[in-house]
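Taking it in order: structure first as structure tokens, then the write-up.
In this chain, residues are counted from 1 in sequence order. Worth knowing before you read on, the calculation uses all heavy atoms, side chains too, and leaves out hydrogens, waters and symmetry mates.
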Amino acid sequence: MNGGLPVSWAVALTAAYGALAVPAAMSTRPMSSSALLASIILAAALIALTIIDLKSFRLPDFLTLPLMLTGIGLAWALGWDSASWRLASAAIGFGAAYLTAQTYEALRGRSGLGLGDAKLFAAAGAWTGAEGLASVLLYACATALLAVLIARIRQHNLSMVAAIPFGPFLAAGTWLVWLYGPLT
């Protein structure tokens with residue numbers, strides 16, 4: 001987990017996002033064409049952010065901020081929710097991640113979560129609503145722990161200060177909650 005991602009991973013990642021979507025698409029609730037288009041937009045942005053974060057440990061504003069605004073705009077335009085609720089949800093996501101990052105840095109004396117992660121979590125709130133944020137975070141933490149466990153099994157030495165980009169895990173959590181809804 002040192003950054004740097006082979007192109008084959010991008011293909012595999014795209015296939016994984018598609019594979020996760022198949023059961024949701026085959027569920028008893030039909031997906032409208034607008035929801036399908038929104039899903040494609042969300043998946044493309046999450047895949048791009050994952051690839052960038054794995055390569056550079058950065059989540060660029062030119063993707064996270066439009067993703068957040070798109071989630072708010074689509075929720076309003078398509079009647080899924082009010083724009084004010086999705087904006088508040090984005091603010092809650094950003095605030096929670098930002099406060100966590102500040103607390104960690106104050107306690108540990110080093111950065112542990114970047115502003116890009118906070119902006120991606122804000123985008124997650126815009127797309128899933130505040131009610132989805134806890135599930136996004138649970139999925140993100142679970143997949144991150146699984147990735148670290150797999151890395152340890154594969155004999156990668158990860159120290160307690162190893163840098164691991166969290167954006168890919170937030171992206172995966174966002175995608176799962178978008179497809180299947182929050183855990184209840």
Side-chain angles (χ1 to χ4, degrees), residues 1-27 39-60 63-64 67 71 93-94 96-105 107-125 127-128 131-184:
M1 302 222 186
N2 58 1
L5 177 73
V7 174
S8 61
W9 276 55
V11 173
L13 187 61
T14 303
Y17 270 70
L20 287 170
V22 169
M26 295 176 67
S27 73
S39 297
I40 291 168
I41 291 168
L42 179 60
L46 293 174
I47 290 167
L49 285 163
T50 294
I51 291 168
I52 291 168
D53 201 18
L54 286 170
K55 283 186 166 193
S56 67
F57 289 86
R58 298 277 182 254
L59 292 167
L63 287 176
T64 56
L67 182 62
F94 180 84
Y98 180 78
L99 288 173
T100 300
Q102 295 303 307
T103 303
Y104 181 89
E105 190 165 348
L107 293 173
R108 299 294 303 260
R110 59 186 160 85
S111 177
L113 195 66
L115 278 179
D117 296 311
K119 292 171 191 169
L120 180 54
F121 201 46
W127 280 83
T128 68
E131 57 277 8
L133 287 173
S135 296
V136 169
L137 189 58
L138 181 64
Y139 284 133
C141 291
T143 55
L145 288 171
L146 180 62
V148 169
L149 178 63
I150 291 169
R152 295 287 294 186
I153 290 170
R154 296 185 73 199
Q155 305 301 320
H156 294 287
N157 289 331
L158 296 176
S159 71
M160 292 298 287
V161 295
I164 299 170
F166 194 53
F169 307 109
L170 284 173
T174 301
W175 184 239
L176 288 168
V177 173
W178 171 257
L179 289 175
Y180 301 106
L183 298 168
T184 54

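- Annotation for Ala97 and Ala118: closest pair CB-CA, 3.5 Å, computed over non-hydrogen atoms.
- Side-chain N or O atoms of Thr128 include none that pairs as donor or acceptor with a backbone N or O of Val177 at under 3.5 Å.
- When every heavy atom of Thr64 is checked against every heavy atom of Ala123, the shortest pair comes out as O-CB, 4.1 Å.
- Side-chain contact check for Pro182 versus Tyr139: every heavy-atom pair is 4.5 Å or farther apart.
- Of the candidates Phe121, Trp175, Trp178, Trp178 is the only one forming a ring-ring contact (aromatic ring centres under 6.0 Å, His included) with Trp127.
- The list of side chain to side chain donor-acceptor pair (under 3.5 Å) pairs with a residue in residues 114-125, not counting sequence neighbours, reads Asp61-Lys119.
- Side-chain contact between Ile52 and Leu59: absent, with no pair of heavy atoms (C-beta onward) separated by less than 4.5 Å.
- By the 4.5 Å heavy-atom criterion applied to side chains, Phe169 and Ile164 are counted as neighbours.
- Between the CG atom in Asp53 and the CG atom in Leu63 there is a gap of 11.5 Å [rounded to 0.5 Å].
- Using cut-offs of 30° and 60° on the angle between ring planes, the pair Phe94 and Tyr98 is parallel.
- With contacts defined as side-chain heavy-atom distances shorter than 4.5 Å, the pair Leu138/Ser135 does not qualify.
- For the pair Leu67/Leu120, a side-chain contact is recorded, criterion being any heavy-atom separation below 4.5 Å from C-beta on.
- For the atom pair CG (Leu149) and OG1 (Thr143), the distance works out to 12.5 Å, reported to the nearest 0.5 Å.
- With contacts defined as side-chain heavy-atom distances shorter than 4.5 Å, the pair Tyr104/Leu113 does not qualify.
- Leu54 and Pro165 get closest at one heavy-atom pair: CD2-CG, 3.8 Å.
- In this structure the side chain of Leu46 never reaches within 4.5 angstrom of the side chain of Pro168, judged on heavy atoms.
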